[in-house]
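Start at 1 and go down the list; that is how both ligands and their atoms are numbered. We use all heavy atoms of the structure for the numbers below, so side chains are in, but hydrogens, waters and symmetry mates are not. The shown structure was predicted, so the numbers you read here are calculated from the model rather than taken from an experiment.
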Amino acid sequence: MRIGILTSGGDCPGLNAVIRGFAKYVYNNIPRVEMIGISDGYGGLITGEAKNLKESDFSGILNTGGTILGTSRQPFKMMTVEDQNGQSKLEMMKANYKKLDLDLLVTLGGAGTHKTAGLLSANGLNVIGLPKTIDNDIYGTDVTFGFHSAVEIATECIDRIHTTAASHGRTMLIEIMGNKVGWLTLYSGIAGGADIVLLPEIPYDKDEVCRMVRSRYNSGKDFTIIAIAEGAMSREEAKMKKNERIEAWGGRHTATESLAAYIQEHAEVETRVVVPGHLQRGGAPSPYDRLLSTEMGSFAGKLVQEECFGTTVAVKNNQISYNKLADIAGKTKYVPEDDQMIEVARSIGISFGDGKKFKGLK
Ligand code: F6P
């Protein structure tokens, strides 16, 4: 059996651990397996750049960050667009799958990768997906690998900012990755003891944020920690078109700097912005992610054995499982407004900048 494997989209801790878990499972349990590593995500499948891997290539990578296969972003909307020769990327991928004589393609990636995996599957390729992303936004799975490692990194950033914020009596805004969903900001914000957590799913009231900062100040706490997601925005900004927002933010792609300036002016406190950025995606996976990645990788091996194609691995109610690609591709798992963690946060006085009060735990 010839298995092509690729990692696509933004990298995250745990990719190599999944690749290793999968490879070890198939070498140990399926006869005559050949593994073909496709370079740089769907980019390599489009150009046909791939190489035969040996069993030893999968050793010593459990705790390494990044991906041994390389990755790239290939927007889904471009997949069916024809080039000057009248060929689409989809057609090129189908042709290379055939040329490489693959029986199966394993794709490790996020929401975009799953959309393309769904398209390839609908076009007759045997595909099995694995849910990667620090954003934790893949529909149909409780958790994605990489998420908890990023929560650890972002939490450590918030911890470190806490001490300097307290020393200087400043309001610090820590911009956490997540341009569409706020899981990482919610979890690291709570774990890091943030006072205000701003998510893309809950547009905030700028004056309510200032009121919170001021009320902390007036009660003798002269510093405030704000965990703000890349995609968070005010209620007014949420009604604007993307280019209007960017203009309102002085040409920046996030609201963080402009909100910091607003707080400094209206709450009359000194503010600073910290952007940990890609640090949140780098380095070794946490032990939790090594376990999850190994479990997900080996489960994908079982799906291969059972020829359960057109699927992607998932965790549902703490049980390893899978979804059909057709059921989840193109959907996003947003933070629901009534999520238990939102209520937990409200119950201990964390503000989401929306002025809403704690309603009670489920
Ligand atoms: O999807 C993962 C993610 O890290 C997002 O949280 C972030 O907004 C985006 O990727 C950044 O993408 P890039 O690495 O292409 O700048």
Side-chain angles (χ1 to χ4, degrees), residues 6-16 18 40-43 65-67 69-78 107-117 129-141 143-158 173-189 191-192 197-202 227-233 237 242 245-246 249 251-257 259 273-286 289 292-293 312 328-335:
L6 61 82
T7 53
S8 183
D11 72 338
C12 76
L15 281 165
N16 287 335
V18 173
D40 302 331
Y42 291 120
T67 160
L69 300 172
T71 187
S72 64
R73 290 198 187 276
Q74 298 290 334
F76 174 77
K77 61 174 188 261
M78 301 307 292
T107 61
L108 285 67
T113 303
H114 276 75
K115 264 199 210 176
T116 300
L130 281 144
K132 161 241 73 163
T133 168
I134 64 163
D135 292 344
N136 195 32
D137 61 348
I138 297 182
Y139 194 85
T141 182
V143 68
T144 57
F145 64 87
F147 173 63
H148 280 284
S149 300
V151 170
E152 281 196 20
I153 300 164
T155 301
E156 193 195 337
C157 291
I158 298 173
L173 291 88
I174 303 123
E175 184 181 288
I176 307 293
M177 271 190 165
N179 50 14
K180 293 197 186 73
V181 299
W183 291 107
L184 183 54
T185 308
L186 177 64
Y187 276 51
S188 60
V197 173
L198 303 176
L199 310 178
E201 291 89 342
I202 308 178
I228 174 169
E230 284 176 322
M233 59 188 80
E237 290 155 1
K242 191 176 174 190
R245 274 198 294 271
I246 293 173
W249 296 335
R252 295 177 192 270
H253 284 251
T254 70
T256 315
E257 288 283 354
L259 179 63
V273 167
V274 179
V275 184
H278 290 79
L279 277 176
Q280 294 161 94
R281 292 214 320 240
S286 65
D289 265 330
L292 179 66
S293 299
T312 186
I328 61 105
K331 295 184 185 166
T332 304
K333 187 183 73 178
Y334 293 101
V335 179

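- Looking at S8, its side chain never comes within 3.5 Å of a backbone N or O of T113 through a donor-acceptor pair.
- Q74 and T116 are not linked by any side-chain donor-acceptor pair at a separation below 3.5 angstrom, with hydrogens and angles left out of the test.
- Remark: side-chain polar atoms of R281 are paired, donor with acceptor, to backbone N or O of D11 under 3.5 angstrom.
- A 6.0 Å sphere centred on CZ of F76 holds more than 12 heavy atoms belonging to other residues, nucleotides or ligands.
- A heavy-atom cutoff of 4.0 Å around ligand 1 is satisfied by the protein residues R73, I134, D135, M177, G178, N179, E230, H278, R281.
- Contact check for M233 versus W249: side-chain heavy atoms found under the 4.5 Å cut-off.
- A donor and an acceptor atom, one from each side chain of T332 and D137, are nowhere located under 3.5 Å apart.
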